[in-house]
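Atoms within each ligand, like the ligands themselves, are counted from 1 in listed order. Note that the coordinates shown come from a computational prediction; the quantities given were computed from them, not determined experimentally.
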Amino acid sequence: MERLQQIASQTTASAAPPPAPAHPLDPLSIAEIKAVVSVVKAKYGSGAEISFNTVTLKEPSKKSFLEWKDKNGPAPPRFAFVVLLEAGKPGVQEIVVDITNLYVTNLKHVHGVQPILTVEDLQSTEDVIRKDAGVIEQCVLSGIPATDMHKVYCDPWTIGYDERWGNSRRLQQAMMYYRSDEDDSQYSHPLDFVPIVDTETKEVIYIDIPNVRRPVSKHPHSNFYPSDAVKEHGYRTEQKPINVTQPEGVSFKMDGHVMEWSNFKFHIGFNYREGIVLSDINYNDHGNVRPIFHRMSLAEMIVPYGSPDFRHFRKHALDIGEYGAGYMTNPLALGCDCKGVIHYLDAHFADRAGDPITIKNAVCIHEEDDGILYKHSDFRDDFATTIVTRATRLVISQIFTAANYEYCIYWNFLQDGSIRLDVKLTGILNTYVANEGEKVGPWGTQVYPQVNAHNHQHMFSLRIDPRIDGDNNSVGSSDVMSSPHELGSLENPYGNGWLGKRTVYKTVSDSLTHANAETSRSWDIFNPNVLNKYSGLPVSYKIVSNQTPRLLAKENSIPSKRAPWARHAMNVVKYEEDRLYPSGVHVPQWSGDGPVGIRGWIGDGSDNIENTDVIVFHTFGISHVPAPEDFPLMPAEPITLLMRPRNFFTANPALDLIPSYAKTTSEARKSGGTEVKSQLDTASRLAFSNTSASFEGGSCCSKK
Ligand code: ABN
Ligand code: CU
């Protein structure tokens with residue numbers, strides 16, 4: 001990739017600088033976006049045909065951030081990162097703007113790349129294909145009259161990588177569909193050809209047509225909005241509302257973007273690309289504020305489809321780098337996306353013209369009951385001696401729509417010091433038309449007459465910049481295994497011996513590991529310099545992640561080359577500023593060649609990663625073989641992983657929570673062992689009487 005670099009002249013815009021943010025990691029405010037855009041416009045002058053692709057915070061370096069945070073240093077300088085397209089010039093211009101002093105500090109023309117597709121870039125494509133004579137001809141061949149082009153729809157995907165054009169033009173592949181009525185779901189009526197559209201010139205440059213033709217289905221649409229979905233059977237009638245009451249409001253405190261909850265304190269950021277970014281995560285351990293993670297986000301994902309036919313290999317969406325989990329984020333609705341007492345954060349971006357756009361309620365912050373945190377009862381008095389403590393979790397969430405699929409992202413903070421990431425996959429399968437009676441296996445499943453849903457994987461890259469009790473951390477895998485000694489040996493006479501074994505990664509190569517269900521493999525991020533007082537073992541956070549399929553696309557296939565991080569469940573590299581995006585900065589139409597993103601950071605694998613500043617990229621996800629139950633709208637499929645403190649505390653850190661119920665043996669004896677009531681919940685009651693949990697004797701564990 002050829003790069004031309006020039007340090008720009010100090011062109012200042014006339015306006016006053018926008019107000020400084022409360023926190024250096026706060027996303028750009030509307031005023032900051034406006035200021036940055038006017039600095040850039042002033043730099044280019046009124047004659048330039050420029051369009052804004054990205055206007056975002058350039059986060060301060062970890063060093064300058066920590067100097068401010070931990071050492072009372074000055075606030076780090078505030079910069080914006082801008083990606084610009086200029087008509088007639090290939091590639092992109094990367095610009096850094098000093099927001100406080102209102103000038104361009106750096107301007108780089110990057111050739112041979114294409115920038116992220118914004119929602120605005122996608123929205124015009126349908127109009128383009130509807131007017132194109134070649135597309136109209138193909139629609140007619142598919143059985144759609146030319147007069148019905150308003151019933152033709154497309155999901156515009158970036159082309160992935162197609163060697164016929166490489167990255168010379170900014171291209172979309174239009175996945176074609178038909179709706180007989182605008183309220184229909186088009187996914188039961190896919191078409192068989194794929195127009196290629198130039199995003200900038202707004203023209204169809206080619207149409208990929210398969211050898212075997214498949215006309216549009218004549219079956220009725222498979223819909224899911226209530227008017228259609230209930231036609232056959234009506235609504236279920238037994239469902240009663242479940243409402244959440246939080247009579248005293250929330251237990252968290254928010255100061256701008258800084259959250260404090262149940263000993264955790266951290267910053268909640270948001271950007272066009274990763275969506276939610278959690279930074280500076282600390283745990284207050286009885287007055288000792290202990291750093292855990294410097295930064296955590298979903299840095300990339302890939303959804304590679306498994307059909308080797310036609311040009312389906314191009315369906316391998318790197319949704320975060322190609323479209324942006326931030327750009328595609330939904331405005332969330334109270335009582336629907338989140339229930340209870342909610343705090344929302346808005347997200348601000350710039351459109352192509354540079355005008356600010358706002359997604360209201362982009363991030364939902366709330367608490368949920370999380371079941372039992374711990375419990376013990378004593379059998380000696382028929383379980384009258386009991387302690388049971390319910391858990392509350394803090395959830396930071398967003399939902400983004402990647403054309404057909406929805407990804408619901410939940411960062412859960414737990415009272416035992418764990419952080420759990422839940423991803424729920426819902427929305428609609430990407431579909432392709434099948435001929436009547438066609439066998440679509442083994443690469444797909446017919447989920448509805450003439451609807452072929454291809455096998456695919458959803459793989460995510462969780463980026464963790466750890467700081468467990470300090471900056472120098474190590475990583476290793478942890479496997480359980482039988483004693484190496486034979487049954488009957490001196491060391492293992494009864495053969496029952498087993499152990500947990502940690503393998504510490506010394507180099508980047510060591511870290512490139514797969515999951516292993518047979519050894520219940522987990523991964524430890526630990527600080528070798530701080531030992532637990534009781535166990536004598538290094539303080540650590542363990543990644544417990546059991547949905548970790550191997551990437552099924554072959555090595556050196558295009559999807560595999562473009563997602564080098566997805567070949568292993570674990571990739572650890574040395575920390576360096578700007579090591580953020582493992583498939584590179586400008587992902588669309590990257591061929592997958594060259595030392596881009598994590599491939600460059602891995603290098604020859606010889607970097608030392610022991611007891612130093614490291615970044616962890618953990619790959620997790622699912623392999624999805626579709627079934628009719630996933631159609632026409634998929635019930636949410638959960639993926640979950642846990643980051644658990646291990647040897648970090650000297651006891652269960654949540655023993656100081658007020659239990660829902662606790663009675664010692666002597667208390668149980670004095671009260672006759674019959675009184676069982678929650679100290680905290682006066683709303684729970686028996687289903688078929690009016691007795692609430694706060695009434696004596698009215699509970700699951702009372703004696704008969
Ligand atoms: N899943 C591919 C995709 C995402 C967003 C917009 C279009 C296509
Ligand atoms: Cu899927």
Can you check the angle at the Cu ion (ligand 2) formed by NE2 of H458 and NE2 of H456? Round it to the nearest 10°.
100°

Against heavy atoms of A403, which atoms of ligand 1 measure under 4.0 Å?
3 (C), 4 (C), 5 (C), 6 (C), 7 (C), 8 (C)

When you measure from the heavy atoms of D319 to every atom of ligand 1, does any distance fall below 4.0 Å?
yes

Numbered atoms of ligand 1 (with element) below 4.0 Å of M328, judged on heavy atoms:
5 (C)

Any atoms of ligand 1 less than 4.0 Å from a non-hydrogen atom of P156? List them with their elements.
7 (C), 8 (C)

Are R273 and Y323 in a cation-pi contact, defined as NZ or CZ under 6.0 Å from the six-membered ring centre and within 45° of the axis?
no

Answer key: the N, O or S atom of H624 nearest to the Cu ion (ligand 2) is ND1

Does any N or O atom in W157 lie less than 3.5 angstrom from one in ligand 1, N or O only?
no

The Cu ion (ligand 2) and Q457: any N/O/S contact shorter than 2.8 Å?
no

Between H456 and Y405, is the ring centre distance below 6.0 Å?
yes

Atom pair CD/CD1 of E300 and I598 - distance to nearest 0.5 Å:
11.0 Å

How long is the span from the CD1 atom in I209 to the OH atom in Y206, to the nearest 0.5 Å?
7.5 Å

Hey, does the Lys NZ or Arg CZ of R562 hover above the aromatic six-ring of Y161, less than 6.0 Å from the centre and inside 45° of the axis?
no

What atoms of ligand 1 come within less than 4.0 Å of a heavy atom belonging to L122?
6 (C)

Please say whether the positively charged group of R352, taken as NZ for Lys or CZ for Arg, lies over the ring of F52, i.e. under 6.0 angstrom from the six-membered ring centre and within 45 degrees of the axis.
no

For H257 together with F270, are the ring centres under 6.0 Å from each other?
no

Counting from 1, what ligand 1 atoms have a heavy atom of A317 closer than 4.0 Å?
1 (N), 2 (C)

